[in-house]
Amino acid sequence: MAGIVTLTLNPTVDKSTTADHIVPDQKLRCAAPKFEPGGGGINVSRALRRLGADSVAVFPAGGPTGHMLQELLTAEHVLQQAVETGSRTRENFIVVDALTSQQYRFGMPGTPLAPEEQQQLRAALQNLPETPDYLVVSGSLPPGVEPDFVVQIVRDAKARGTKVILDTSGPALQQVIQEGVFLIKPNVGELSKMAGVDELDDEAVAEAAQKLVREGKVEIVVVSLGPQGACVVTKEAVDHVPAPSVKRRSTVGAGDSMVAGLVYGLSTGLSLRETARLGVACGSAATMNPGTELFRKPDVDRLYKWLLQPLAQST
C-alpha cells in the first residue's frame, strides 16, 4: 500500500456530552464527557485506520491537551509524529440536547504557531524515513500561519514526488492551488469563491471544476454536494456520484471521512470511479453516527456495495 501522511496545523481535542434539555440561566446536568482527537488531517488518519490502512499523522501539540491528543491517537493505533509547541492545544466543546437531538458546537480559536514551530513541522515532513506517495493537508490554519507556509509544504512535497491532497478553505485554498496540487475537495460554496461567482448550479459546478483542471491547478476535483453526493472532475471525465439515503444524525467528520475514502481508494489501486464511490460511502456513513464519531466500517461496506451496483450493471 502506498505511504500516506496527513498534516494538521490546527488540531483539537473534541469534548462532547449530552444534556436533557438546554435552557438559559440554569445549571445543566450533563452526561460524562467523551474525548476524541480532532482536526482535519487527524480525522483522515483516524478514518484510514478504520479502513485498515496506516498513515502517519503530523501535527503540533502543546500543554496537557496536546498530551491528551497524543494519548487518544495512540489508543486508536494511529501512527503519529507530534511537534511540541509552547501554546496549549485547543479544545472544542459539543453538547447535544437529548430532548430535541439538536447539536451545539463550540469551536475554540486555534493556538498560535510560532515561526520556529512552523519550521519544525516542515522539517518533520522533510525528514520522514520514507517519502510518502500521498500527503493530505487538511483543516484550517491557526493564528500566525499564513498560506505561504502551506505553499512551502506543497512545494517540498512535489519536489520529492509526493502527490498532495488539499482540503482547506478561504485564502489558503485560493493561494495554494496556484502551485498545482493532485486533488482538492471543495464544497459548492468554496468552488463558487474560486470561480468568482455567488452561486453555482449543477452544470456550472462541473464547468468551474473543469476550468481549474484545464489551468493546471489540480488534476482531480471532488466537489462535495452534501446530501446530493459528489461531482468528480478530471481532464477526461465528469462523474456524478449520488449519496445513499441514510438517517443523518451528525455531519461532523463527514468531509474528513470522504477524504479518507478517496486517498484509501487511490492508494490501493481502485479506479477513480470506484474511489469516488468509496469516498461518498465513507462520508455518508459518518453522518449516520451521533456527535463527533466517525463512520463504522460495516456501514461503509454496505453503502459502497450499493453505490457500485450501477457500475457493475453498465459494464
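Note: hydrogens, waters and symmetry copies are ignored here, and every other heavy atom, side chains too, is used.
Every pair tested for side-chain hydrogen bond (donor to acceptor under 3.5 Å, both in side chains) that includes a residue from residues 182-193 fails, sequence neighbours excluded, so the list is empty. For residues 21-33, the side-chain hydrogen bond (donor to acceptor under 3.5 Å, both in side chains) pairs, not counting sequence neighbours, are His21-Asp97.
When only modelled atom types and interatomic distance are considered, Arg160 and Thr131 share a side-chain donor-acceptor pair under 3.5 Å. The closest side-chain donor-acceptor pair between Thr6 and Ser55, if any, does not fall under 3.5 angstrom.
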For residues 217-224, which side-chain N or O atoms pair as donor and acceptor with protein atoms under 3.5 Å away, sequence neighbours left out?
| residue | atom | partner | partner atom | Å |
| --- | --- | --- | --- | --- |
| Lys217 | NZ | Glu215 | OE1 | 3.1 |

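With side-chain heavy atoms closer than 4.5 Å counting as contact, directly or through intermediates, the hydrophobic cluster containing Ile22 also holds Val23, Leu28, Phe93, Val95, Tyr104, Phe106, Met108. Cluster partners of Leu303 are Val246, Met288, counting Ile, Leu, Val, Met, Phe, Trp and Tyr whose side-chain heavy atoms approach within less than 4.5 Å, directly or via other members. Grouped with Leu99 in a hydrophobic cluster is no other residue, since no side-chain heavy-atom contact under 4.5 Å to another Ile, Leu, Val, Met, Phe, Trp or Tyr is found.
Scanning all heavy atoms of the two residues, the minimum distance from Ile165 to Phe182 falls at CG1-CD2, 4.4 Å. When all heavy atoms are compared, the tightest approach of Leu200 to Ala208 is CD1-CB, 4.1 Å. Scanning all heavy atoms of the two residues, the minimum distance from Gly40 to Thr8 falls at N-CG2, 4.0 Å. Ala260 approaches Ala47 most closely through the heavy-atom pair CB-CB, 3.4 Å.
In the hydrophobic clustering of this structure, Val145 groups with Val181; members are Ile, Leu, Val, Met, Phe, Trp, Tyr whose side-chain heavy atoms approach within less than 4.5 Å, directly or through other members. Taking hydrophobic clusters as Ile, Leu, Val, Met, Phe, Trp and Tyr residues chained together by side-chain heavy-atom distances below 4.5 Å, Val154 shares a cluster with Leu135. Linking Ile, Leu, Val, Met, Phe, Trp and Tyr residues whenever their side-chain heavy atoms come within less than 4.5 Å leaves Val136 and Leu73 in two separate clusters. Hydrophobic clustering keeps Leu294 apart from Phe59 (ILVMFWY residues linked when any side-chain heavy atoms are closer than 4.5 Å, directly or through intermediates). Note: the hydrophobic cluster containing Phe295 does not contain Leu72 (ILVMFWY, side chain heavy atoms under 4.5 Å, direct or indirect links).
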Run the side chain to side chain contact (heavy atoms under 4.5 Å, CB included) check on Asp148 and Gln152 step by step: do they pass?
CA-CA 6 Å; Asp148 280 341; Gln152 293 175 353; 5.5 Å; no
Steps toward side chain to side chain contact (heavy atoms under 4.5 Å, CB included) verdict (Val150, Leu9)
CA-CA 10 Å; Val150 185; Leu9 294 173; 4.1 Å; yes
Assess the residue pair Val137 and Thr168 against the criterion (side chain to side chain contact (heavy atoms under 4.5 Å, CB included)); give the C-alpha distance rounded to whole Å, side-chain angles, the decisive distance to 0.1 Å, and a yes or no.
CA-CA 8 Å; Val137 182; Thr168 187; over 6 Å; no
Please lay out, stage by stage, how Gln210 and Val238 fare under the test side chain to side chain contact (heavy atoms under 4.5 Å, CB included).
CA-CA 9 Å; Gln210 285 175 315; Val238 175; 3.5 Å; yes
Please lay out, stage by stage, how Arg88 and Thr65 fare under the test side chain to side chain donor-acceptor pair (under 3.5 Å).
CA-CA 6 Å; Arg88 177 174 179 153; Thr65 319; 2.8 Å; yes
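At least one side-chain heavy atom of Cys231 sits less than 4.5 Å from a side-chain heavy atom of Val233. Between Ile184 and Met194 the shortest side-chain heavy-atom distance falls below 4.5 Å. Between Leu121 and Pro60, some side-chain heavy-atom pair lies under the 4.5 Å cut-off.
Atom CD1 in Ile4 sits 8.5 Å away from atom CG in Asp133 (nearest 0.5 Å). Atom SG in Cys282 sits 9.0 Å away from atom CG in Asp301 (nearest 0.5 Å). Between the CD1 atom of Ile153 and the OG1 atom of Thr162 there is a distance of 11.5 Å, given to the nearest 0.5 Å. Here the CD-OG1 distance, from Glu117 to Thr111, works out to 8.5 Å after rounding to the nearest 0.5 Å. Here the CZ atom belonging to Arg302 is positioned 13.0 Å from the NZ atom belonging to Lys297, to the nearest 0.5 angstrom. From Ile42, atom CD1 reaches atom CG of Asn10 across 10.0 Å, with rounding to the nearest 0.5 Å.
For CD of Glu130, the number of neighbouring non-hydrogen atoms (other residues, nucleotides, ligands) closer than 6.0 Å is 12 at most. Annotation for Glu84: atom CD does not count as buried by contact number, only 12 or fewer foreign heavy atoms lying within 6.0 Å.
A search for salt bridge (Lys or Arg N to Asp or Glu O under 4.0 Å) contacts involving Arg122 returns Asp156, not counting sequence neighbours. Gln80 pairs by the side-chain hydrogen bond (donor to acceptor under 3.5 Å, both in side chains) definition with Thr74, not counting sequence neighbours. Contacts of Arg105 classified as salt bridge (Lys or Arg N to Asp or Glu O under 4.0 Å), with partners at least two apart in sequence or in another chain: none. Partners of Asp20 by salt bridge (Lys or Arg N to Asp or Glu O under 4.0 Å), not counting sequence neighbours: none found. In this structure, the side-chain hydrogen bond (donor to acceptor under 3.5 Å, both in side chains) partners of Glu76, at least two apart in sequence or on a different chain, are Arg46. Applying the salt bridge (Lys or Arg N to Asp or Glu O under 4.0 Å) rule to Lys34 yields the partners Glu36; only residues at least two apart in sequence or on another chain are considered.
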